[in-house]
Amino acid sequence: ALAVLSKESGALMPCYMLAVEACLFRFRCPDRRARRMVAGYFALFLLLPGVLGLIWIFGLGHGGMLSYAGRDFTMGERLLTETRVIWLYLFWTLLPRISSLSLYHDDIPLSHGLLHPWTTLPAIFGLVMLIGLAVALRRRQPLVTLGIAWFFAGQLMESTIFPLQITFEHRNYLADMGPLLAVLSLVFPLRASDAMPRLRRLFCVLLLAAFAGVTLQRAWHWRNPLTLAESEAYYHPKSPYATYELGQTYANLVLTGQLQVMPDAQRVLLQSLALPNASIIAGTTLAMVEAQVTHQFSPGLFTRIAELLRTRHIGSSDTTGLYSLVGCESHQHCRLPEGSLDGLFAAAFANPYLSHKPRTAADLHVIYGNYLAGAVPRRLNDARAQMLKAVALAPGTAQYRINVVIVDLAMEDAALAEQDLMAVRNLNHYGLLDREIAGLEKNLARLKRDQAAGKTPSGK
């Protein structure tokens, strides 16, 4: 229970325990009572939660946790791609190379079919053969079987249906124990062998030396944020996230007064923005830095951002970039070209994929509404229209309705605020919105008092 409450992967503990039980103890128990206890444990902590979880996700309409709205790949593409990624995890664990390891692996191409790329089908056959090997060796080499089963248990959350990013090597810290156990159990088998003892010891010494060398290199690259970002971008120049991280690091240095790295920030961020699978966040970061430092913008910057918003799947990084850009403009830290933000949102709303992602579209309407509400002059009627569009796309989301009331109060329209506040109250299940509603009611009461005293116009 503590593991699950600490980290999602703690839910895999019963899966690891089942692997140990099946491969080593094989459910052999001293008596019937002990056998019932073991079976009852797995029924209570593995089978029952698994069934209830599947019912909750698929049977009760709570498929939101499987929503791929913020991803530019489908569940099918993810599952196909993971068959190749699992092999990369194995290679990175047993034969790590400094050029392969990274925080970001968004430069790995997606699998769009069994032969696109062609390595997908062999990867699937390889995994089937690996499982077959584990079954075949379950009696002669139980630790090899356990190592393989342990590794696959660790992939149940990371490499299956959940809409996580495609590759995250550092989430395999526990699953990695499986391949290491399998290999070392072959070098030092359970049944003691006197064959080639020096060679086996030498293998282990060389393996530890190789691992230590890679670890030393990684630690050296991680000695400060700049060297880390430089190494990530150097080894993964086609990764939008890795190159963006370097550009953002340069941008942060610029904003602290180190203007000599401004050309580097511009070069790297433009490089990241030009990559085939890039989001707009590198472009919005560059726009914010240039607005605050040089007051001149790279040629074609906003055209490129608009093109990406119009043509590619809009994900969480894109909405984050727009949110930051709006915040910079609204707080008057940035002076963007006239009409540039309106153009970017127009491009986003023209995206043909957006109709399949109502939650993403709703978030975009809210961000645009926030911009309109804070523009000079304020465009509150347009802002309210955007907030209502978000409500129409996700009527059960309370925050979207709260946003409408906030704009009503900014418009000093007490009647509209009262009307829209009623809709918020209707969503206040179990009192979860009590604090928000109390704040809105307080502001509404103040508006009514001011209007009654003639301090504000009674209209809009």
Side-chain angles (χ1 to χ4, degrees), residues 53-79 110 161-166 277-281 284 305-327 341-373 379 381-408 416 419-429 432-433 436:
L54 291 175
I55 293 174
W56 187 78
I57 293 173
F58 296 106
L60 300 180
H62 293 286
M65 64 184 305
L66 298 182
S67 171
Y68 280 72
R71 301 298 183 193
D72 55 0
F73 50 83
T74 65
M75 182 188 296
E77 290 171 334
R78 186 179 200 281
L79 290 173
L110 294 172
I161 61 176
F162 300 102
L164 303 171
Q165 291 194 21
I166 292 293
N277 54 339
S279 73
I280 68 165
I281 196 166
T284 56
I305 297 174
E307 178 189 2
L308 292 176
L309 288 172
R310 187 181 298 107
T311 57
R312 67 180 297 277
H313 288 274
I314 296 178
S316 56
S317 295
D318 302 295
T319 54
T320 298
L322 285 174
Y323 179 82
S324 301
L325 201 58
V326 166
L341 280 172
D342 291 301
L344 294 183
F345 280 101
F349 292 132
N351 188 297
Y353 304 108
L354 201 59
S355 59
H356 305 294
K357 299 180 176 182
R359 183 53 63 93
T360 301
D363 288 340
L364 287 173
H365 284 298
V366 170
I367 297 171
Y368 189 34
N370 288 334
Y371 162 66
L372 295 172
R379 298 153 63 184
N381 285 317
D382 293 336
R384 186 173 186 273
Q386 292 298 320
M387 299 304 184
L388 288 174
K389 288 180 180 180
V391 169
L393 289 166
T397 302
Q399 185 57 54
Y400 294 158
R401 294 190 180 274
I402 291 172
N403 293 338
V404 178
V405 181
I406 293 173
V407 177
D408 293 338
L416 275 179
Q419 169 189 314
D420 293 325
L421 184 55
M422 183 59 66
V424 177
R425 293 192 185 100
N426 292 335
L427 293 177
N428 188 21
H429 307 300
L432 297 177
L433 301 176
E436 289 81 359

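Residue numbers run from 1 in the order of the sequence given.
- A distance of 11.5 Å separates CG in Leu433 from CZ in Arg425, rounded to the nearest 0.5 Å.
- Taking both residues in full, the closest heavy atoms of Ala423 and Arg401 are given as CB-NH1, 3.7 Å, listed atom of the first, atom of the second, then distance.
- Closest approach of Asp318 and Ser279 over heavy atoms only: OD1-CB, 3.3 Å.
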For this session: Could you go through the side chain to side chain donor-acceptor pair (under 3.5 Å) check for Asp382 and Gln386 one step at a time?
Result: CA-CA 6 Å; Asp382 293 336; Gln386 292 298 320; over 6 Å; no

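- Counting heavy atoms from C-beta on, the side chains of Lys357 and His313 come closer than 4.5 Å.
- When all heavy atoms are compared, the tightest approach of Pro395 to Leu427 is O-CD1, 3.8 Å.
- The environment of Phe349 atom CZ is dense: over 12 non-hydrogen atoms of other residues, nucleotides or ligands sit within 6.0 angstrom.
- The two residues Tyr400 and Arg359 come nearest to each other via the heavy atoms OH-CD, 3.2 Å.
- When each of Val404, Leu393, Asn403, Val407 is paired with Leu388, the side-chain contact (heavy atoms from CB on, under 4.5 Å) condition holds for Val404 and for no other.
- For the atom pair CZ (Phe73) and CG (Asn277), the distance works out to 11.5 Å, reported to the nearest 0.5 Å.
- To the nearest 0.5 angstrom, Ile280 atom CD1 is 9.5 Å from Ser324 atom OG.
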For this session: Check step by step if side chain to side chain contact (heavy atoms under 4.5 Å, CB included) holds for Leu322 and Leu364.
Result: CA-CA 8 Å; Leu322 285 174; Leu364 287 173; 3.6 Å; yes

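- Here Ile314 contributes atom CD1 and Thr319 contributes atom OG1; the two are 8.5 Å apart, rounded to the nearest 0.5 Å.
- Note that the OH atom of Tyr323 and the OG1 atom of Thr320 stand 9.5 Å from one another [nearest 0.5 Å].
- To the nearest 0.5 angstrom, Thr360 atom OG1 is 14.5 Å from Tyr353 atom OH.
- Under a 4.0 Å N-O distance rule, the pair Asp420/Arg384 qualifies as a salt bridge.
- At a cut-off of 3.5 Å, with distance as the only test, a side-chain donor of Tyr368 or Asp342 sits close to an acceptor on the other residue.
- Listed here is the closest heavy atom pair of Thr284 and Leu325: O-CD1, 3.9 Å.
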Problem set entry | Check against side chain to side chain contact (heavy atoms under 4.5 Å, CB included), Glu436 and Val424 | CA-CA 9 Å; Glu436 289 81 359; Val424 177; over 6 Å; no

